[in-house]
Amino acid sequence: MSKILLINGHPAPTKSLAGKSIIENFAALCPQTEVRNLAELLIAGKFDISTEQRALVQADVIIWQFPFYWYSVPAIMKKWIDDVLAHGFAYGSQGTALHGKRLLISFTTGAPEVEYAEGRSMNWPVKDFLPPLLQTAKLCGLKPLSPIWSTNMNFIEGVHTDADRERIKSAAHAHALRMADEISQQR
Ligand SMILES: Cc1cc2nc3c(=O)[nH]c(=O)nc-3n(C[C@H](O)[C@H](O)[C@H](O)COP(=O)(O)O)c2cc1C
């Protein structure tokens, strides 16, 4: 059975609805998953890099799970990428530790899909924002699976309704099923 490592890049996981629901559903579907919450692992502004790298080495499948922030990963996840995917470990002539592992990019957006189009507020399709992350994966010898995202997942207490909450939870369940399916198909 593949060992799955899910890196949760949410900066405030206790305030998350969409990402938290996705992770709960996914962990129920794939109980061999190790979840690492970056918000809990950043101590005095630093990650324990060797612990993070060891977790990556032990995994067959790596998931980057995050809320879309300014068309990319949140700052805490960018820091993890900058610090943990180091030269000599993840790239460079000696940096082969991640070669051949699968990477699933999984995220949620606030804006609905219809806004991700030319002439609408986001101007480009969601997929057009992903090349920097996909290239990061490729430079590290990771095999990117098809990225999975769910749009219109923003929930603000007091603004959105109970019906919105239920819609988001149901979309999170469907999202987790798609993740498990993508991983099981791409061995
Ligand atoms: C700092 C910040 C930046 C955001 N940037 C985007 C963005 O670029 N595009 C978008 O569709 N939503 C954006 N959002 C909305 C989040 O993606 C959305 O709230 C999140 O996916 C919901 O998941 P959660 O319940 O796990 O937090 C942003 C939210 C914040 C707080």
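Whatever order the structure lists ligands and atoms in, that order sets their numbers, starting from 1.
Relative orientation of the Tyr71 and Tyr116 rings is perpendicular, given thresholds of 30° and 60° on the angle between their planes.
Where the criterion is an N or O separation shorter than 3.5 Å, residue side chain and backbone included, Lys15 fails it with respect to ligand 1. Considering backbone and side-chain N/O atoms, Lys20 never comes within less than 3.5 Å of an N/O atom of ligand 1.
Residue contacts with ligand 1, taken as heavy atom pairs separated by less than 4.0 Å, involve Tyr116 solely via side-chain atoms from C-beta onward. Contact annotation: for Met122 versus ligand 1, there are no heavy atoms closer than 4.0 Å.
The existence of a salt bridge linking Arg54 and Glu52 is excluded, since no basic side-chain nitrogen approaches an acidic carboxylate oxygen closer than 4.0 Å. In this structure, Arg165 pairs ionically with Glu157, as a charged nitrogen and a carboxylate oxygen lie closer than 4.0 Å.
In the model, His175 has a side-chain atom that pairs as donor or acceptor with a side-chain atom of Ser106 under 3.5 Å. The closest side-chain donor-acceptor pair between Arg178 and Ser150 falls under 3.5 angstrom.
Checked by atom type and distance alone, the side chain of Lys101 pairs as donor or acceptor with a backbone atom of Ala59 at under 3.5 Å.
Not a single heavy atom of Phe107 sits less than 4.0 Å from an atom of ligand 1.
Near Trp70, meaning under 4.0 Å from one of its heavy atoms, ligand 1 places the atoms 3 (C), 4 (C), 5 (N), 6 (C), 7 (C), 8 (O). Applying the 4.0 Å criterion to heavy atoms of Pro67 picks out, from ligand 1, the atoms 20 (C), 21 (O). Within ligand 1, counting atoms from 1 as listed, the ones closer than 4.0 Å to a heavy atom of Met153 are 22 (C).
Ranked by closest heavy atom to atom 25 (O) of ligand 1, the top entry among Asn154, Thr109, Leu17 is Leu17. Of the listed residues (Phe129, Phe155, Phe66, Phe68), the one carrying the non-hydrogen atom nearest atom 17 (O) of ligand 1 is Phe68. The residue from Ser16, Ala172, Ala75, Pro13 that puts a heavy atom closest to atom 26 (O) of ligand 1 is Ser16.
Considering OG1 of Thr151 and CE of Met122, their distance stands at 10.5 Å, rounded to 0.5 Å.
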